[in-house]
Amino acid sequence: MIFTNDKAIYVQMADRLCDEILAGTYKADDRIPSVREYAVMLEVNTNTAVKTYELLAREGVIYNKRGLGYFVHPDARKQILERRREEFRSQTLPEMFRQMRLLDIDINEIVKAWEKQ
């Protein structure tokens with residue numbers, strides 16, 4: 001994984017795990033890689049992976065079964081979608097609209113581009 005400087009590494013790792021849940025790699029109640037496995041997989045310090053899992057557990061995306069590992073919470077996908085949609089509406093769209101105004105891009109151009117995909 002290539003990390004950027006705009007967010008803490010553990011947050012980027014959490015985003016990646018959430019992406020994997022949204023993509024169906026991990027479904028409700030599936031076991032996810034252990035903290036150590038995930039750290040090795042992404043070539044980061046184990047403490048960074050611990051922070052990632054702690055963050056996701058606090059947010060209710062994953063839960064721990066003592067002695068068995070971490071699992072995807074049954075409502076994780078729904079929760080991630082709700083949070084990301086709100087972030088999109090509150091952060092991405094305002095910036096996109098600002099750029100559209102600056103560049104004089106009409107909404108119809110966006111609709112056409114959307115339909116081509």
Side-chain angles (χ1 to χ4, degrees):
M1 179 170 176
I2 298 172
F3 298 103
T4 62
N5 292 327
D6 64 335
K7 289 183 187 177
I9 290 173
Y10 77 96
V11 174
Q12 293 177 62
M13 291 172 61
D15 287 345
R16 176 192 165 126
L17 198 50
C18 287
D19 288 347
E20 292 171 337
I21 292 168
L22 290 177
T25 305
Y26 303 111
K27 295 177 178 42
D29 293 314
D30 279 355
R31 184 182 177 281
I32 60 173
S34 72
V35 170
R36 285 191 181 101
E37 290 170 338
Y38 209 55
V40 168
M41 187 185 317
L42 299 182
E43 300 176 350
V44 299
N45 185 293
T46 303
N47 292 331
T48 305
V50 167
K51 286 176 72 171
T52 299
Y53 280 45
E54 287 174 349
L55 171 65
L56 292 172
R58 275 193 314 272
E59 292 178 349
V61 173
I62 61 175
Y63 63 94
N64 187 11
K65 284 187 182 179
R66 191 171 177 95
L68 296 176
Y70 284 92
F71 294 79
V72 177
H73 191 280
D75 293 330
R77 189 172 196 288
K78 179 182 173 192
Q79 182 180 333
I80 295 165
L81 280 173
E82 287 174 5
R83 187 178 71 242
R84 292 227 177 142
R85 285 175 177 159
E86 179 52 37
E87 286 173 5
F88 181 80
R89 285 188 292 266
S90 66
Q91 296 171 16
T92 305
L93 280 179
E95 176 58 20
M96 185 178 103
F97 293 149
R98 187 181 79 78
Q99 289 292 326
M100 288 173 65
R101 281 190 295 276
L102 286 173
L103 300 173
D104 197 29
I105 296 174
D106 186 83
I107 190 68
N108 293 323
E109 288 181 59
I110 303 300
V111 171
K112 286 177 187 173
W114 172 261
E115 289 171 348
K116 283 183 181 179
Q117 284 201 345

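Linking Ile, Leu, Val, Met, Phe, Trp and Tyr residues whenever their side-chain heavy atoms come within less than 4.5 Å leaves Leu56 and Phe71 in two separate clusters. In this structure, Leu42 is not a member of the same hydrophobic cluster as Val40, with clusters built from ILVMFWY side-chain heavy atoms closer than 4.5 Å. One hydrophobic cluster, built from ILVMFWY side chains closer than 4.5 Å, holds both Met100 and Leu103.
If you take CD on Glu87 and CD1 on Ile80, they are separated by 11.0 Å, rounding to the nearest 0.5 Å. The CZ atom of Phe3 sits 8.0 Å away from atom OG1 of Thr48, with the distance rounded to the nearest 0.5 Å. Expressed to the nearest 0.5 Å, how far OG1 of Thr52 lies from CD1 of Ile62 amounts to 9.0 Å. Atoms OH and CD1, on Tyr38 and Ile32 in that order, are 8.0 Å from each other to the nearest 0.5 Å. The CD1 atom of Ile105 sits 9.0 Å away from the CE atom of Met96 when rounded to the nearest 0.5 Å. With rounding to the nearest 0.5 angstrom, the CG atom of Leu68 is 11.0 Å from the CZ atom of Arg66.
Within the structure, no pair that satisfies the ring pair (Phe, Tyr, Trp, His ring centres under 6.0 Å) test touches residues 86-117, not counting sequence neighbours.
The shortest distance between side-chain heavy atoms of Glu86 and Ser90 falls below 4.5 Å. Residues Glu59 and Arg83 are in side-chain contact: their nearest non-hydrogen atoms beyond the backbone lie under 4.5 Å apart. Within the 4.5 Å cutoff, side-chain heavy atoms of Thr46 are placed close to those of Arg36. Contact check for Tyr70 versus Val35: side-chain heavy atoms found under the 4.5 Å cut-off.
Counting non-hydrogen atoms of neighbouring residues, nucleotides and ligands closer than 6.0 angstrom, the CG atom of Asp104 reaches no more than 12 such neighbours. Residue-environment remark: CD (Gln99) exceeds the threshold of 12 foreign heavy atoms within 6.0 Å. For Arg89, the CZ atom sits in a packed shell: over 12 heavy atoms of surrounding residues, nucleotides or ligands are nearer than 6.0 Å.
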>> side-chain contact (heavy atoms from CB on, under 4.5 Å), that's the test. Do Arg77 and Val72 meet it? Break it down for me.
In response: CA-CA 9 Å; Arg77 189 172 196 288; Val72 177; over 6 Å; no
>> For a side chain to side chain donor-acceptor pair (under 3.5 Å) check, start with the C-alpha distance between Glu95 and Gln91, then their side-chain angles and the critical distance, and finish with the verdict.
In response: CA-CA 7 Å; Glu95 176 58 20; Gln91 296 171 16; over 6 Å; no
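Electrostatic pairing of Glu109 and Lys112 does not count as a salt bridge here, judged by no charged N lying under 4.0 Å from a carboxylate O.
Glu54 contributes no side-chain N or O that, together with a main-chain N or O of Lys51, makes up a donor-acceptor pair within less than 3.5 Å.
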Could you pull out every donor-acceptor pair under 3.5 Å between side chains of residues 14-29 and any protein atom, sequence neighbours left out?
| from | atom 1 | to | atom 2 | distance (Å) |
| --- | --- | --- | --- | --- |
| Asp15 | OD2 | Lys7 | NZ | 2.6 |
| Arg16 | NE | Glu20 | OE2 | 3.2 |
| Asp19 | OD1 | Arg84 | NH1 | 2.4 |
| Asp19 | OD1 | Arg84 | NH2 | 3.0 |
| Lys27 | NZ | Gly24 | O | 2.8 |
| Asp29 | OD1 | Tyr63 | OH | 2.6 |

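Scanning both residues, Met41 and Pro33, for their nearest heavy atoms gives CE-CG, 3.8 Å.
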